[in-house]
Amino acid sequence: MGSLGKDAAAAAAERVVLAVNGARHEAAGVDPSTTLLEFLRTRTPVRGPKLGCGEGGCGACVVLISKYNPATDEVTEHSASSCLTLVGSLNHCSVTTSEGIGNTRHGYHPVQQRLAGFHASQCGFCTPGMCMSIFSALVKADKPDGPAPPTGFSKLTCSEAEHAVSGNLCRCTGYRPILDTCKSFAADVDLEDLGLNSFWKKGTDRADVGKLPEYSSGAVCTFPEFLKSEIKGQMNDVPAAIAGQDGRYHPKSIEELHSLFDSNWFDENSVKIVASNTGAGVYKDQDLYDKYIDIQGIPELSVIDRSSKGVEIGAAVSISKAIEVFSDGTPVFTKIAGHLSKVASPFVRNTATVGGNVIMAQRLQFPSDIATILLAAGSTVTVQTASKMLRLTLDEFLEQPPCDAKTILLSIFVPDWGSDNVIFETSRASPRPFGNAVSFVNSAFLARTSGQLVIEDICLAFGAYGVDHTTRARKVEEFLKGKSVSAAVILEAVQLLKDVISPSEGTTHPEYRVSLAVSFLFSFLSSLGNNLNEPANAIAPNGSSANGSEKHGTLGSDDLPVRSRQELVFSDEYKPVGKPITKAGAELQASGEAVYVDDIPAPKDCLYGAFIYSTHPHAHVKSVNFRSSLASEKVITVISAKDIPVGGKNVGSGYRMLGEEVLFGDPVSEFAGQNIGIVIAETQKYAYMAAKQAVIEYSTENLEPPILTIEDAIQHNSYFQTPPFLAPRPVGDIDQGMSQADHKILSGEVKLESQYYFYMETQTALAIPDEDNCVTVYSSTQRPEIIQNLVADCLGIPYHNVRVITRRVGGGFGGKGLKGAHVACACAVSAFKLQRPVRMYLDRKTDKSMAGGRHPMKAKYSVGFKSDGTLTALHVDLGINAGISPDFSPLIPGHTISSLKKYNWGALAFDIKLCKTNVSSKSAVRAPGDVQGSFIAEAIIEHVASALGADTNAVRRKNLHSVESLRKFYGDSAGDAPTYSLVDIFDKLASSPEYGSMAEAVERFNGGSRWKKRGISCVPITYEVTLRPTPGKVSILNDGSIAVEVGGVELGQGLYTKVKQMTAFGLRELCPDADRLLDKVRVIQADTLSMIQGGFTGGSTTSENSCEAVRQACTVLVKRLKPIKEVLEPKSGAPVPWSTLIAQANMASVNLSAHAFWTPDPAFVKYINYGAAVSEVEIDVLTGGTTILRSDLVYDCGQNLNPAVDLGQVEGAFVQGVGFFTNEDYARNADGLVVNDGTWTYKIPTVDTIPKQFNVELINSARDQKRVLSSKASGEPPLLLAASVHCAMREAIRAARKELKANSPLTFQMDVPATMADVKELCGLDVVERHLQSLTSAAASAALKA
């Protein structure tokens, strides 16, 4: 080829050509750091993939990537996190997004249709990612090889289907309907087991695959022909130069790589070496890189070589490929594969490399599972340094000083150990059984034994416990060699191990981690102890008696499939209200076409902002400067308090009547996480990166030390006042009640930590300046009207100059209320100053650092009670950490006490301190205050029952309200006697024969199991809600279509769906075919200049308030149109067609738009919701892990406006509550700054942590026409039911303490959340040692007697 040909080939190499949903795109001239997600969202029409975390930890950005091999004419596909994948690595690849498999124009894919039909999409922000994870699993399963599945199904199994979305997060649904969607494709599914759906009516219609949207594999082309032709056309071209104008380098050999290293421009501070870039999800880039070297194309790094000696895999082989390789092998290899499948998530494993993981462990102290298991398996590594090639054991490699950027890991060799007398086990303890969570401790043990089970050789590897890298417990290994296992040997080995496992200073839960290491070693050595004189199961980790219910090799509780049952009542009385219709826009959400704020196309000259926030809790901000870096060069300007217009206020959120919070911490920063300034840049990524370069100079001169805790605030008398009209009132005479008590508990205590919202869409806004000092703000908010007011106050302009528009919100849970105002005000100030549109979309860390969250509480109580368990009096001293500003906090005492009053305490008194502290303001989080109050009540009830030695449920039942006491405690909210359903609900669960059988089974299990314990509990709830004045507007257009506006915002709670149903119901006098009318209704976005007095969306009653306002508007329209209908019908002798009626009304100049402002009856502003839940859990005494085996929820939903929507709200709220009570650890540093600030450290529930049997019954209580069509709220109250899980965990821990923790009290304080570390500590960190000591003593005594 001539020079011209070479130049052409080189030029072609400069362009990254890829297909996106079948269309050709070139990534020319893009920054080399550009991710696929950024490219898709800024350079193509695609909006389906979302930025949820930027860490590969949520699945919102999942896409399918396809590659073509022209030599074999084969296409391979895999799912991937587009937020981590660099677009520069995708030359000649095809990318398929949710829009690409189905959309509005070309029809929806069966995955999208089934997600909608199984009611598996609420806010919808996560749904495109869910859709692509399911689709990718189908593509992977339905390869041409093997027998064809039954018609309509795929080759997926139910187990594989459940794992398909194991890495995807959803905060709304509770996952159960998503799993049903997945399993509907599985060949081995029993369709009757699937939950409520729109394809057949449960209980009456037969479930049939023919009723589902038809699925056939291969219907979507994942790799277009034009790209195949382009690739084939370049097969014979000379390999192009390795360098590119855009800063991307693709060496094709080790030699080429070293030539790059030797270049005079190579600088490891500005050059990044990548294979898949997934490491960026763990170790965030702190600056921009101007050059990237992609080593994926080096053949030596992708080798897979199997021989009789073992397996060698190249360092660039993906974890998923390694799983395939090791799955087909000896027991050691299959164990490795099994453990690898719990590393990260499917879409990360598909691209993340084995070598990259090991390099992070060696260089960056990454807590790697892979390094641990490969080390124990005797692996060796081949390493290329600048001067030579080295072959080292993995142990030696990890021990070396961190290698430099020019040291390349080439391959890893894992020897074949065969299967004779070799035992290999791996373990990990993490909050999620399926993976996608870093281990607290991981371990891998390999032992070779003789025929007499004498340990000939052994390797014990431990990692992730707070040490630089995986280590071997060599002292323990040396001790065990040549020994046969006995209790005494294990005990000594354990004691030696405790000297070896030493977490470094600053490691969280150090004692817990040591205890885990001991448990893992104990479990492994116990399995080798079959030659013991005592029964093997006496020291084996599973089973404490010969007929114990736990056995090795059986299906573990974590691996049980998820099953469910739903019992709902349907009514046609108010048709179509009451029908379980599919959520409006669900398919649009699944396809990724639903538009959220960040999906709005960027206006011309749009700029982007990112917050610079304080890391000090109380300090003068003296200056803000920027490090010299590539990222800081991208700063256009910094907006601060001085840029607030004259006449404007430094206000970022708050209620005028309660108190406001500043937008900028100026001149003093009052909490860590407070906004100091806003970096403005040309792109959102540049803004993110530039904000990281900020260096803030602080001074604490003449400032008081920060107040960070409830205790600090009480000591310094730092409080907010609760206005008298919001303050709860005591009930009865506390002194008299205490005097009537037979028994008293004078000092009990319980603490509850905070909880982060974890909406999938972080805070976001877009502000566009307009003429005449006006501004339009697109905000993801629950309170458009308050955003309007705050923006106007901040800018110093009239309210009518500010227009706030909100179409939908990607999850709110209270966090898109006042907390969303900071971002909206920041964008507005910036846009006003620069006279250019400004957009902000907070990264997850910033969002979590600033968001606040649920109110931490500390309750001290004294309670009096009779010998039969009857309560006589309760006094509570309650401290509430409100943070730096009032926000929603003055309402929290009333909410907390309201739910606490669910029991008849006899008399109730309290002293509540609303603490002002130097931490981010706490705000409303789903069921604010109520969930804490309800749990505090349960903690007290359990304390009373324990003190009496009584059954807890009997004490609960005895103290449930009578109608009379309910009125005494709740006043008018109690309602009419027939509406009080709590006693019946509680009895339906706790007094049922099924509950009795479950409780007996728990007792039997605990009697036969030492290291697993179960608990069961039944918890009742009351939840008081408030009806609010709400506007509604219904407009009928010329073609008969109907546009509806309401004050509420669609957050995923089904508001718009219920409003559509109510509109059709309200107009059905004019059109008998209400279902047909339903299709004509569209609920349009909230607009503060179109719908005033919109109020806010929250408190669980927005749907019914809005529905009633719409019904009143419809009544007006019916009154106007009915005379025309009555004139037309006699003439035609048939029902008047809707289109004819509207046409005639237009001709008659009838006003076809009606506005209503509904206000509730002053005598009926509040009512109470009731429910109860039974949960059964299993705890692992050795690790602290908890599996929810079963939860049965019964909830009084009144006459459902939409049973499908309400069911989703109940399940979603319950699972969010499970997170609060178990694994959502809201940890902060000494300055009050959140440290668990992303998906790596903050663990919300996933598909593997929901109940294995998840049953929900919605009952329709007595009618009450004072409520909207007798309906009741469903959004928040069910969250309180999750306390049943916590209470069941307490029962399981009590069973463990009774058997294993000698002399430990069975009454103990168990705070919220009860994490794995907490459960283990309450069971006893030293239970293994205690157990071994007792066995050793028993053996010694037996020997003496002999």
Practice item. Flag yes if more than 12 heavy atoms outside Lys155 fall under 6.0 Å of its NZ atom; otherwise flag no. Key: yes
Point to revise | Main-chain N/O of Pro1245 paired to Thr1249 side chain as donor or acceptor, under 3.5 Å | key: no
Review point. Quick one: ring pair (Phe, Tyr, Trp, His ring centres under 6.0 Å) pairs with a partner in residues 131-159, sequence neighbours left out?
Key: His109-Phe135
**Study point:** Pairs where residues 167-176 contributes a residue and the test salt bridge (Lys or Arg N to Asp or Glu O under 4.0 Å) is met, not counting sequence neighbours
**Key:** Arg171-Glu1224, Arg176-Asp180, Arg176-Glu1211
Practice item. Examine distances only and state if a side-chain atom of His163 and a backbone atom of Ser159 form a donor-acceptor pair shorter than 3.5 Å. Key: yes
Point to revise | Of all pairs that satisfy ring pair (Phe, Tyr, Trp, His ring centres under 6.0 Å), the ones with a partner from residues 165-217, not counting sequence neighbours | key: Phe118-Phe199, Phe185-Tyr215
Practice item. Look at the side chain of Gln566 and the backbone N and O of Leu196, then say whether any donor-acceptor pair between them is shorter than 3.5 Å. Key: yes
Point to revise | Electrostatic pair Asp193:Lys183 at N-O distance under 4.0 angstrom | key: no
Practice item. Scan residues 110-120 for pairs that pass side-chain hydrogen bond (donor to acceptor under 3.5 Å, both in side chains), counting only residues two or more places apart or in two chains. Key: Arg114-Ser184
Revision key, fill the gap. Across all chains, not counting sequence neighbours, the salt bridge (Lys or Arg N to Asp or Glu O under 4.0 Å) partners of Asp190 are none
Review point. With distance as the sole test, does Ser79 use its side chain to make a donor-acceptor pair with the main-chain N or O of Ser133 at under 3.5 Å?
Key: no
Practice item. Answer yes or no on whether Arg808 is positioned over the face of Tyr596, meaning its NZ or CZ is under 6.0 Å from the six-membered ring centre and within 45° of the axis. Key: yes
Point to revise | Pairs involving residues 118-144, ordered by first then second residue, that meet salt bridge (Lys or Arg N to Asp or Glu O under 4.0 Å) (sequence neighbours left out) | key: Glu77-Lys143
Point to revise | Under 3.5 Å donor-acceptor, Lys202 side chain and Glu192 backbone | key: yes
